[in-house]
Amino acid sequence: MSLWEYANPVKFIRTTDKLLPWLWIAAVACLVIGLVWGFFLTPDDYRQGSTVKIIYLHVPSALMAINAWMMMLVASLIWIVRRHHVSALAARAAAPVGAVMTLIALATGAFWGQPMWGTWWAWDPRLTSFLILFLFYLGYMALWEAIENDDTAADLTSILCLVGSVFAVLSRYAVNFWNQGLHQGATLSLDAEENISDVFWYPLLVCIAGFVLLFIALVFLRTQTEIRARRTRALLAREGQA
Amino acid sequence: MKALLYRDLILSVRAGGGFGLGLAFFLIVTVLVPFGVGPQTELLARIAPGILWIGALLACLLSLDRILALDWEDGSLDLLATAPLPVESIVTVKALAHWITTGLPLVLAAPVLGVLLSLPLPAYQWVLISLAVGTPALSVIGTFGASLTVGLKRGGLLMSLLVLPLYVPTLIFGAEVARRGAEGLTVQTPLLLLAGISFGVIALLPFASAAVLRINLR
Amino acid sequence: MNLTVRDLAVTRGGIAILEGVSFDLSPREALVLRGPNGIGKTTLLRSVAGLQPAEAGTVTGAEDRIAHAGHSDGLKAMLSVTENLRFWASVFGTSDIEPALAAFDLLELRDRMAGTLSAGQKRRLGLARLMVTGRPIWVLDEPTVSLDAASVALFAEAVRAHLARGGSALMATHIDLGLAEARVLDLTPFKAGPRARAMDEAFL
């Protein structure tokens, strides 16, 4: 019994169909528990007041924004090396989810930053990197949409994902460098994990778990949709109608 | 390979526009900026290095879709693919031809346009050097974008969307060299990083460009 | 060395169009592919030339031996006739373009820009390109499009000379070139039944 068995589209749909209800339940449960716990059952921060509580949306979405790209990178590599269709379609399915996560991270960051720093947006290295990441997502999705042949699109987007990953890392370092050049060291640090106390940490962990489960459920669902669309086209081709 | 380079250079001079278009665009961008931000000399002097870099980058972008699209339309690319010439060297020669016809003129024109933006005196050499080191990277990255979108009708806009994020590191380090040079600071670190990016993409990216071009040709 | 095609299957736009195509082409031989529009002649020729991967089957003896002339001529309007030919000659590592100019009656047009040629003259230049490649196997897709009767005769003569030099030709054409020695292969029996490509069958 090999892991690659799930690369068969039919097998993938059958397995995920069984898993999806449980995933949805677990994701919603984690999110509700984590958010209620975080929003209502933790004390206000002595410095930041209740605004700190947006951390329960901000940190998980930011984590998933990066992890979604990582997942796409791995899926693209699998497609290039082993040419499993499910892998390519899963990468395609993850992109919009990752893009939305990036937007959520940027938006919640803006809402957090406004009362804390007095500005919606600053060209802080992290903020800038996320904006660039969002542009990468946009380009990746646009390329998928633009190409008619499914296999060609999968090949091209996979290579774009690989090259884009290298440039995303380069951009991250470049942006760090650029901003230090402007500001003599970072003045706006977001390293929340370093000074956060357990009271905030546990509900945050639950929220992160919720976002991970939500991401997996969404990617499964969207991959199923892509597979079924592909299956429809294959059936039409067999009947000579396409 | 020499024949391909020679042909591309001749074509860009003869075909009317390919050669001078990027330069003219660069000039227009540089002229438009003072209209946008106002004619104060100090302000222009401060932003001049960045404007010159942005202008060069946009002028470069403008001519990217000519790299491969023309050869694709008239069938030359198919014929080249069956020729005893590795695709890697085709894309490298294409990028080189693009740099000679677009990047190099931009580098040489930048100091002249610097006068219009009252670029500070010490900045001239660094603008020149940073563009000379950075524009080859722009051409090579652009060739990758052109290879990705070569088969698409109206792929120009999509290519801009794909290429511009890839230009970020080059732009940051290049403009940083020019800006530090203008302020009389040391430029060694960003210049080395810029050179690193240029050499890195010249050495590695043609393989990715060739891979996507092969996929698009089949 | 023969060009050998065995059980070739090709697809266009994700749909199988031809399957089980097999033939041999030895030196001094010409093979003409026939079949109605859409049967897959162009696709088959592109697969043989290595421009697109076949769905199944093998092509042997084609590596670096094929000169392919498709629907477009690959000419640059802003280069002269000789410059166009010289370019392709040097890409393929040859240098003598005079025989090609003579064979396709292009000597008088040699300094004209390719963009100012008529459609038929452009086609002749595109075919002259085959001669400067020095490749033994010509793969021709509708080579006589926009050629007049005299030019068709020139072309048939060039093909005959190529065969006499030990070359071979594989072409898709509807016009009778007067090449009595050419074999004809009708592709109609190889038409693939309606089905998706093998790669898509995992989805069914």
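Here is the naming used below: chain letters follow the sequence lines, and residue numbers restart at 1 for every chain.
- When all heavy atoms of Leu161(B) and Leu138(A) are compared, the pair lying nearest together is CD2-O, 4.0 Å.
- Ranked by heavy-atom pairs shorter than 4.5 Å toward chain A, the options Pro165(B), Gly151(B), Gly145(B) are led by Pro165(B).
- Counting heavy atoms of neighbouring residues, nucleotides and ligands inside a 6.0 Å radius, atom CD1 of Ile54(B) does not exceed 12 of them.
- Residues Ala146(A) and Leu158(B) come closest through the heavy atom pair CB-CD2, 3.6 Å.
- Partner of Leu148(B) under the side chain to side chain contact (heavy atoms under 4.5 Å, CB included) criterion, out of Ile147(A), Thr157(A), Leu160(A): Leu160(A) alone.
- The shortest non-hydrogen separation linking Gly164(A) to Leu166(B) is CA-CD2, 4.3 Å.
- Only the side chain of Val201(B) comes within contact range of chain A, with heavy atoms under 4.5 Å apart.
- Atom CD1 of residue Ile215(B) and atom CG of residue Asp155(A) lie 4.0 Å apart, to the nearest 0.5 angstrom.
- Looking at Phe144(B) and Ile159(A), their side chains come closer than 4.5 Å, going by heavy atoms from C-beta outward.
- The candidate with the highest count of non-hydrogen atom pairs below 4.5 Å against chain A, out of Val163(B), Val168(B), Thr170(B), Ile197(B), is Val168(B).
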What do the steps show when you test Tyr140(A) against Leu162(B) for side chain to side chain contact (heavy atoms under 4.5 Å, CB included), and what is the final call? CA-CA 8 Å; Tyr140(A) 179 88; Leu162(B) 297 176; over 6 Å; no
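- Here the closest heavy-atom approach between residue Pro169(B) and residue Ala174(A) is recorded as CA-CB, 4.0 Å.
- Within a 6.0 Å radius of OH in Tyr173(A), other residues, nucleotides and ligands contribute 12 heavy atoms or fewer.
- Ring centers of Tyr167(B) and Phe167(A): at least 6.0 Å apart, outside the cut-off.
- Heavy atoms from other residues, nucleotides or ligands lying under 6.0 Å from CD of Glu183(B) number more than 12.
- Surrounding CG of Leu192(B) are more than 12 heavy atoms belonging to other residues, nucleotides or ligands, all under 6.0 Å away.
- Top candidate by heavy-atom pairs under 4.5 Å with chain B, chosen from Leu170(A), Leu156(A), Leu135(A), is Leu156(A).
- Counting heavy-atom pairs closer than 4.5 Å to chain A, the top residue among Leu204(B), Leu185(B), Ile172(B) is Ile172(B).
- Ranked by non-hydrogen atom pairs under 4.5 Å with chain A, the options Leu171(B), Leu193(B), Asn216(B) are led by Asn216(B).
- Neither the backbone nor the side chain of Leu164(B) comes within less than 4.5 Å of any heavy atom in chain A.
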